[in-house]
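Below: one structure, written as structure tokens.
Read the numbers this way: they start at 1 and go in the same order the structure lists the ligands and their atoms.
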Amino acid sequence: MSTALTTPNDAPAVADRADASPAVRIAGVHKSFGRPGTAVPVLDDITLDVAPGEFLCLLGASGCGKSTLLNLVAGLDQPTAGSIEVPGGRPALMFQEHALFPWLTAGKNIELALRLNGVPRAERKPEAERLLELVRLGGSYGKRVHELSGGMRQRVAMARALAQGSSVLLMDEPFAALDAITRDVLHEEITRIWQERRLTVLFVTHNVREAVRLAQRVVLLSSRPGRVAREWQIDLPQPRRIESACVADLSVEITEHLRGEIRRHGQH
Ligand SMILES: Nc1ncnc2c1ncn2[C@@H]1O[C@H](COP(=O)(O)OP(=O)(O)O)[C@@H](O)[C@H]1O
Ligand SMILES: [Mg+2]
């Protein structure tokens, strides 16, 4: 299945988006690690635009360069060649490990991000409380990290990412360490928040079903080096259910391609 940039069942937005400049523009990006001569290419000529308001999943086997690409988009590292533009400014980030400060409460972790984002002191507490409400943790402002379950910690991490004030959210396997039911619930939450806040989401996963459950577009990366192998436009309505037949059918098709990529590169 080959694809256009925008979502056909999202008709009014399509016209806007086709004209709008991308929220993320990745152009001819190469990345190698190591010294010249012995450098290992990890990413090879990645060109990819993410439209404003799009939910894009970057899918690929472990070690194919997904985190490397996300780190480049986040500005944490520089490409060896090519360019990355995020016209709206520095994106917000969320990782598999919640990376909350254990000596701060849930609320204070969020306030710290608000402070770094330049939110005036007097507005920080009410805004942190609003963000906790948004991730359905109202009343947990004073809880410390050790008092929260894995799912609750990722909710706080989501609120903290939103406190960074960017409309572009980069997520690196944020739910990979959670049990299936908790992950399922958090898929609902991120879908809702993406829609409510009109975020642009670039979501990295090695989990095909998760990608099909969440994304408007799935981009499959090959391995060694990472290249864009194929992409799928997912026009199923949201919210979707991970166990639904249409998600399962498309997952089977995409898994075949992912397996093909893994076989081709002699991994696993
Ligand atoms: N800072 C680094 N120095 C050297 N090699 C790295 C570095 N970061 C990542 N790599 C290598 O790049 C490849 C891709 O890694 P990564 O982007 O983490 O993959 P993924 O997130 O898809 O699992 C791996 O082979 C990894 O060992
Ligand atoms: Mg990774």
Self-check item: E133 and R130 ion-paired at < 4.0 Å
Solution: no
Quiz prompt | Candidate list I234, V201, L202, test side-chain contact (heavy atoms from CB on, under 4.5 Å), partner F55, passing option | solution = V201
Quiz item: Does NZ or CZ of K108 come closer than 6.0 Å to the centre of the six-membered ring of F101, within 45° of the ring's axis?
Solution: no
Quiz item: Does any N, O or S atom of S67, backbone or side chain, fall under 2.8 Å from the Mg ion (ligand 2)?
Solution: yes
Quiz item: Between V247 and R213, which heavy-atom pair has the shortest distance, and what is it?
Solution: CG1-N, 4.3 Å
Quiz prompt | Set of residues that line ligand 1, where lining means a heavy atom lies under 4.0 Å from it | solution = F33, V42, A61, S62, G63, C64, G65, K66, S67, T68
Exercise. Let me see the working for D172 and K66 under side-chain contact (heavy atoms from CB on, under 4.5 Å), right down to the final yes or no.
Key: CA-CA 8 Å; D172 193 351; K66 303 181 295 297; 5.5 Å; no
Quiz prompt | All side-chain contact (heavy atoms from CB on, under 4.5 Å) counterparts of A159, not counting sequence neighbours | solution = I110, L131, V135
